[in-house]
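Here the structure comes first, spelled out in structure tokens, and everything after it is commentary.
Note that the numbering runs from 1 along the sequence shown for the chain. Remember, it's a predicted structure, so these values are computed and weren't measured experimentally.
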Amino acid sequence: SMAATMKLTITFLLLVSAALVVFGDAKKAPCAVVCVQGGHITCDNYPGQKLDGCDCQCAPKDGKGCVLHLNSGSTNQCTTTPEY
């Protein structure tokens, strides 16, 4: 029927749109989606703040001395400034 075809078409378009949002910009993907392992970022010039992200490229552009803290307990010093 026409209604069933329309529903399938709309569902397909929504799935394609979601995929484009998630995979459209590979550099920002780890920041846009909730990370499986969980974590946050701290930066010296953002005192007391736990910033969202589980990859150093999610750190703020003006971040100084940023450290990535994963819920697994590991930490990584973010040395490079993210390029967008």
Q: Provide the closest heavy-atom pair for Val67 versus Gln77 in the form atom of the first, atom of the second, distance.
A: CG2-OE1, 3.5 Å

Q) Taking only residues two or more places apart in sequence or in another chain, which ones pass side-chain hydrogen bond (donor to acceptor under 3.5 Å, both in side chains) with His40? A) none

Q) SG to SG, are Cys43 and Cys66 under 2.5 angstrom apart? A) yes

Q | Residues clustering with Leu51 (ILVMFWY side chains joined when closer than 4.5 Å, directly or via others) | A | Ile41, Tyr46, Leu68, Leu70

Q.
Please find the pair of heavy atoms, one from Gln49 and one from Thr42, that lie closest to each other, and give the distance.
A. O-CG2, 3.7 Å

Q: Heavy atoms only: give me the nearest Asn45-Lys64 pair and the separation to one decimal.
A: OD1-N, 2.9 Å

Q.
Please check: side-chain N/O of Asn76 versus main-chain N/O of Cys56, any donor-acceptor pairing under 3.5 Å?
A. no

(Q) Within a 6.0 Å radius of atom CG on Asp52, are there more than 12 heavy atoms belonging to other residues, nucleotides or ligands? (A) no

